[in-house]
Amino acid sequence: VMRGRGCADAAMISCAFLSNLIPFTSAFTSVNISPCQKLSTGDWPQPRYFAANQLQLSTQHQRRMSHVALAVSGKGAEPELVERTLGHYSRRAEIFWEGTKDHDVSQNRAAFIRNLEPKAPSETRILDLGCGPGRDVLAFHQLGYKVTGLDGCPEFVSMGQKLCKSASFLLQDLHQLDLAGAEYDGIFANAALFHVQREELPAVMQKLVASLKWNGVLFTSNPRSMLAEDMEKFGLPGEDERYGHYQTYESWCRTLDAAGLTLVEHYYRPPGAPCD
């Protein structure tokens, strides 16, 4: 287990998050270019340009990525690891809230928002994946967005409902998502997806892509691996029992590509901190 040294986080507008365990995180923003509901129709969309970095994917490439996403099937998460992670948060829900409620992730929210389709917040549906006690749910709600918070920890969901009574919440484990198709304009996964077990991540990503509308945005921020390859932390009973899967930048890019997502922005945070 590596501990924070004040290094920068890596952010892709498909991921962004700060960790007190791994030196810095990577945040990605990606665009849904191949919704799963399109795959069986043969009605392939024309290539689109994305202003953030002028990326274009051919129809052939879209088809290849889409079939890769469909071919993935999760074998089932290890229940003990799920229980350990959720149990850790359940037992420390109030402590977690006190330690994170004033954590400034406005940089991540801003990166997410600027890549959403340009329409009124009241017409924009957001899923805060792994919402915790609801800090970012409240922030999005105050900006006028239609936001739903999702978390697998019952205590967090209850706290979120009290914090933001006008928002909706879902109690779901990340490994067993049950989401409507083409429901959300954007998914904000801040410090969440690194808790998905390594073998299950492709299947979870497939479900997230299916729940995004056309040109929907997935923002994900995760603590990154400081090694040349991915690493896993299985937790220690009685101590920090959380499971963690820490990926390299290259590994995350492969994950996004396999899910049919196009990277449109990436950054490390906080600004000015060393990346190595």
Next item on the list: Would you mind checking if Arg254 and Glu250 are paired as a salt bridge, meaning a charged N to carboxylate O distance below 4.0 Å?
Entry: no

Notebook entry, point to check: Has the side chain of Asn222 got a donor or acceptor atom that lies under 3.5 Å from a matching backbone atom of Phe194?
Noted result: yes

Next item on the list: Name the orientation class of the two ring planes belonging to Phe140 and Phe112 (parallel below 30°, tilted from 30 to 60°, perpendicular beyond 60°).
Entry: perpendicular

Checklist line | Short side-chain to backbone donor-acceptor contact, Asp151 and Gly132, under 3.5 Å | finding: yes

Note to self: Side chains of Asp178 and Gln172 only: does a donor on one sit below 3.5 Å from an acceptor on the other?
What the structure shows: no

Check: With clusters built from Ile, Leu, Val, Met, Phe, Trp and Tyr whose side-chain heavy atoms come within less than 4.5 Å, directly or transitively, what are the remaining members of the cluster of Phe96, listed by chain and number?
Finding: Tyr89, Trp97, Leu138, Phe156, Met159, Leu163

Next item on the list: Of all the heavy-atom pairs spanning Pro121 and Leu143, show the shortest one and how long it is.
Entry: CB-O, 3.6 Å

Item checked: Nearest non-hydrogen partners of Ala111 and Asn115, listed with the distance -> O-ND2, 2.8 Å

Next item on the list: Given side chain to side chain donor-acceptor pair (under 3.5 Å), test Gln197 with Tyr243 step by step and report yes or no.
Entry: CA-CA 8 Å; Gln197 293 173 33; Tyr243 170 86; over 6 Å; no

Next item on the list: Please answer whether the main-chain N or O of Tyr246 pairs with a side-chain N or O of Arg198 as donor and acceptor at a distance below 3.5 Å.
Entry: no

Margin query: Surrounding NZ of Lys119 (heavy atoms of other residues, nucleotides or ligands, distance under 6.0 Å), is the total greater than 12?
Written below: yes

Notebook entry, point to check: So, does Ser158 use its side chain to make a donor-acceptor pair with the main chain of Glu155 at under 3.5 Å?
Noted result: no

Note to self: Just to verify, which of Asp230, Asp257, Leu193, Leu263 counts as forming a side-chain contact (heavy atoms from CB on, under 4.5 Å) with Trp252?
What the structure shows: Leu193

Check: Should we say atom CD of Gln176 is surrounded by more than 12 heavy atoms from elsewhere, each under 6.0 Å from it?
Finding: no

Item checked: Salt-bridge present (Arg125, Asp185; N to O < 4.0 Å) -> no

Margin query: Is a donor from one side chain sitting under 3.5 angstrom from an acceptor on the other, for Ser168 and Thr148?
Written below: yes

Notebook entry, point to check: So which heavy atom on Leu86 is nearest to which on Cys153, and how close?
Noted result: CD2-N, 4.0 Å

Margin query: Closer than 3.5 angstrom, by distance alone: can the side chain of Lys101 be matched with the main-chain N or O of Glu98 as a donor-acceptor pair?
Written below: no

Check: Cut-off 3.5 Å, side chains only: do Thr248 and Glu229 have a donor facing an acceptor?
Finding: no

Notebook entry, point to check: Nearest 0.5 Å, what's the CD-CG distance between Gln247 and Leu201?
Noted result: 5.5 Å

Next item on the list: Measure the CD-NE2 distance between Glu241 and His88 for me, rounded to the nearest 0.5 Å.
Entry: 8.0 Å

